[in-house]
Structures are given as C-alpha cells and as structure tokens.
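Before any comments, here is the structure.
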Amino acid sequence: VQLQASGGGEVQAGASMTLSCAASGLAFNNHVMGWFRQVPGKEREFVAAINWNGANKYFSDSVKGRFTISRDNEKRTAYLQMNSLKAEDTAVYYCVADPSPAIVTKRSAMYWGKGTQVTVSS
C-alpha cells in the first residue's frame with residue numbers, strides 16, 4: 001500500500017492550499033480516507049476524514065469551517081482543501097487510509113503516507 005501526499009509548501013497566513021493523496025495497492029473505494037498532522041514535540045492530531053462515497057465527512061474543531069475533505073474514487077485520490085490558513089496549521093500532514101471507521105472512532109489508521117510539510121508564515 002502506498003499513500004503519496006503532495007501539495008505541501010509554504011504560504012502566508014490567510015492563504016489557501018490543497019493537499020492531494022494518491023493511493024495505490026488497496027481497494028480505494030472500500031477505505032475511509034483521512035488526514036492527520038503533527039508538529040515536532042507534540043502529539044499527532046486528527047484533522048479530517050471522509051467515508052467511502054464522500055457522504056460523511058469529519059473534521060477536528062480546530063479546522064472545522066476552514067478545511068474541506070473530498071475524494072475522487074476513479075482517480076484513487078483524496079484531497080484536503082485548506083482555507084484561511086493560520087500559523088498554527090503549520091505541521092507535517094499525513095494521509096491515512098483504513099478499511100474500518102477507526103480513523104474517526106479511534107483516531108488511528110491502518111495505512112500511513114510519508115507526510116508533506118505545510119508551513120504557514122504570519
């Protein structure tokens with residue numbers, strides 16, 4: 001299984017950025033997709049998740065109203081659209097996948113990508 005995240009970089013506060021996660025080696029349509037983030041020295045934080053058909057979406061309180069998650073099952077890709085970025089959104093963002101709802105219910109995942117750095121400067 002490979003989850004390849006892309007789209008990270010450095011932006012100014014208030015800007016927008018979209019992360020993409022291309023998945024291979026798994027039955028994409030059967031997996032919940034999600035995003036976590038982590039700052040060095042801090043615990044990993046759940047950001048967002050989306051169920052197999054996109055009908056159900058979940059967000060942490062810290063990003064609700066600013067971030068959107070989506071997926072394209074034909075392209076086997078999940079997306080995280082981040083708007084109104086703040087300095088506190090700076091972190092390494094990890095794409096995750098799980099055949100169960102564990103991303104939402106247990107804040108864990110079976111498969112993890114390598115992460116992409118997002119830096120928001122104020």
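Since this is a predicted model, take the numbers as computed values, not measurements.
Counting all heavy atoms, side chain and backbone alike, Ser60 lies closest to Phe46 at CB-O, 3.3 Å. Heavy-atom minimum distance, Cys21 versus Leu3: SG-CB, 3.9 Å. Across all their heavy atoms, Ala109 and Val96 have their closest contact at CB-CB, 3.5 Å. Residues Met33 and Ala97 come closest through the heavy atom pair SD-CB, 3.5 Å. In terms of heavy-atom proximity, Ser24 sits nearest to Arg76 at CA-NH2, 3.7 Å. Taking all atoms of both residues into account, the shortest heavy-atom contact from Ala48 to Leu80 is CB-CD1, 4.1 Å.
Val92 and Trp112 fall within a single hydrophobic cluster, where Ile, Leu, Val, Met, Phe, Trp and Tyr side chains are chained together by heavy-atom contacts under 4.5 Å. Follow the hydrophobic side-chain contacts under 4.5 Å out from Trp35 and you reach Phe67 in the same cluster. The hydrophobic clustering, which links ILVMFWY residues whose side-chain heavy atoms are closer than 4.5 Å, places Tyr58 and Leu19 apart. Put simply, Val47 and Ile103 are part of two different groups of oily side chains (I, L, V, M, F, W, Y) that touch within less than 4.5 Å, one to the next.
Using bins of under 30°, 30° to 60° and over 60° for the plane-to-plane angle, the ring pair Tyr111/His31 lands in the tilted bin.
Not a single donor-acceptor pair under 3.5 Å links the side chain of Arg44 to the backbone N or O of Val39. In this structure, the side chain of Thr77 engages the main chain of Lys75 through a donor-acceptor pair within 3.5 Å. Between the side chain of Asp98 and the backbone N or O of Ala102, no donor-acceptor pair lies under 3.5 Å.
Proximity of Trp52 to Asn30: side-chain heavy atoms (C-beta onward) are nowhere separated by under 4.5 Å. Within the 4.5 Å cutoff, the side chain of Ser62 has heavy atoms near those of the Arg37 side chain. The shortest side-chain heavy-atom distance between Gln38 and Tyr94 falls under the 4.5 Å cut-off. In this structure, the side chains of Phe28 and Asn73 come closer than 4.5 Å at one or more pairs of heavy atoms. No side-chain heavy atom of Tyr79 sits under 4.5 Å from any side-chain heavy atom of Ile69.
Judged by a 6.0 Å distance limit and a 45° cone about the ring axis, Arg107 is not positioned over the six-membered ring of Phe36.
A side-chain contact (heavy atoms from CB on, under 4.5 Å) with Met82 is found for one member of Asp89, Val120, Thr18, Val118 and no other, namely Val118.
Distance check: Arg71 CZ to Ile50 CD1 gives 6.0 Å after rounding to the nearest 0.5 Å. A distance of 12.5 Å separates CG in Leu85 from OG in Ser122, rounded to the nearest 0.5 Å. For the atom pair Asn29 CG and Glu74 CD, the distance stands at 9.0 Å (nearest 0.5 Å).
Counting non-hydrogen atoms of neighbouring residues, nucleotides and ligands closer than 6.0 angstrom, the CD atom of Gln117 exceeds 12 such neighbours. Residue Gln4 qualifies as open at atom CD: its count of foreign heavy atoms under 6.0 Å is 12 or below.
Donor-acceptor pairing under 3.5 Å is lacking for the side chains of Ser70 and Gln81. Residues Ser16 and Asn83 bring a donor and an acceptor atom of their side chains to less than 3.5 Å of each other.
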